Colleague: 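Let me begin by handing over the structure; questions about it come next.
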Amino acid sequence: MGAPCTPSAQPDIFAVIGADLRFFARRPNQDYRLRLAAPCEIEEARAKLNMVSPPPGARAFVGVHRVGRGGLQRVVGFAIDAGEVDFDKVSSRFAYLRLQRQDVTRHPDPGSLWRADPHALGGRR
């Protein structure tokens with residue numbers, strides 16, 4: 001999701017990216033983050049990637065990878081919402097890699113969806 005944002009989403013996207021940068025500034029040893037997609041990111045993914053709506057029981061998530069100093073790569077995809085949003089660095093990296101391989105232009109097979117649950121992703125508390 002590196003192309004210019006749609007005009008209506010730009011200010012909100014900048015706020016979301018700023019929040020991601022602050023997240024990583026507070027966690028200098030973490031290079032990945034998983035979180036629910038913000039509405040402006042969903043709008044951006046629909047405009048740029050032709051992303052479909054999440055299937056029933058799933059939500060749109062964003063994986064963020066910190067690259068270098070101040071650089072971020074974001075990927076968007078679907079996962080079953082387990083209601084948990086506190087992912088450690090191991091779970092976040094795993095989830096980022098899962099999202100990176102998804103094709104969001106079509107609905108995934110229900111069996112290919114994974115639970116956005118840090119315990120199911122090998123994370124720890």
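Values in this document were obtained by computation on a predicted structure and should not be read as measured data.
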Colleague: When rounded to the nearest 0.5 angstrom, what is the spacing between CZ in F24 and CZ in R66?
Modeller: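 The CZ atom of F24 sits 6.0 Å away from the CZ atom of R66.
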
Colleague: Could you check R46 against E41 for salt bridge (Lys or Arg N to Asp or Glu O under 4.0 Å), going step by step and ending with a plain yes or no?
Modeller: CA-CA 8 Å; R46 286 184 176 145; E41 290 174 305; over 6 Å; no

Colleague: Report the C-alpha distance between D20 and R35 in whole Å, list the side-chain angles of each, state the deciding distance to 0.1 Å, and finish with yes or no for salt bridge (Lys or Arg N to Asp or Glu O under 4.0 Å).
Modeller: CA-CA 10 Å; D20 287 333; R35 59 175 171 70; 2.8 Å; yes

Colleague: Within this structure, what is the CG-NE2 distance for the pair L72 and H65, rounded to the nearest 0.5 Å?
Modeller: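 Going from the CG atom of L72 to the NE2 atom of H65 covers 9.5 Å.
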
Colleague: Taking all non-hydrogen atoms of both residues into account, name the closest pair between L113 and A58 and its distance.
Modeller: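 Of all heavy-atom pairs spanning L113 and A58, the closest is CD1-CB, 4.1 Å.
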
Colleague: One thing to verify: whether E44 and R74 come together as a salt bridge, which I'm taking to mean a side-chain N less than 4.0 angstrom from a carboxylate O.
Modeller: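 Salt bridge: yes.
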
Colleague: With heavy-atom distances below 4.5 Å as the criterion, would you say the side chains of C40 and V16 are in contact?
Modeller: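 The answer is yes, as the side chains (C-beta and beyond) meet within the 4.5 Å cut-off.
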
Colleague: If I compare all heavy atoms of F78 with all of A60, which pair ends up nearest, and what's the gap?
Modeller: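 Shortest heavy-atom contact: CD2-CA, 4.2 Å.
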
Colleague: Quick check: closest heavy atoms across A45 and V76, and the distance to 0.1 Å?
Modeller: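 That closest heavy-atom pairing would be CB-CG1, 3.9 Å.
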
Colleague: Looking at CZ of F94 and CG of L99, how far apart are the two atoms once the value is rounded to the nearest 0.5 Å?
Modeller: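 Between atom CZ of F94 and atom CG of L99 there are 10.0 Å.
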
Colleague: Minimum heavy-atom separation for L34 to F61, with atom names?
Modeller: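 Looking at all heavy atoms of both residues, the shortest contact is CD1-CB, 3.9 Å.
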
Colleague: Working to the nearest 0.5 Å, report the span between CD1 of I42 and CG of L36.
Modeller: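 Reported value, rounded in 0.5 Å steps: 8.5 Å.
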
Colleague: With a 3.5 Å distance limit and no angle check, can you tell me whether Q73 reaches the backbone of V67 through a side-chain donor-acceptor pair?
Modeller: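 It does not hold such a pair.
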
Colleague: Counting only heavy atoms not in R93 (residues, nucleotides, ligands), do more than 12 fall under 6.0 Å from its CZ?
Modeller: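 Counting other residues, nucleotides and ligands, CZ of R93 stays at 12 neighbours or fewer.
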
Colleague: Identify the two heavy atoms, one from S92 and one from Q30, that lie closest to each other, and give their separation to 0.1 Å.
Modeller: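 Taking every non-hydrogen atom into account, OG-NE2, 3.9 Å.
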
Colleague: So which atom in V104 and which in G77 form the shortest heavy-atom distance, rounded to 0.1 Å?
Modeller: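 Here V104 and G77 meet closest at CG1-CA, 3.7 Å.
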
Colleague: Are the side chain of H107 and the backbone of S53 linked by a donor-acceptor contact shorter than 3.5 Å?
Modeller: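 Yes: the side chain of H107 pairs with the backbone of S53.
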
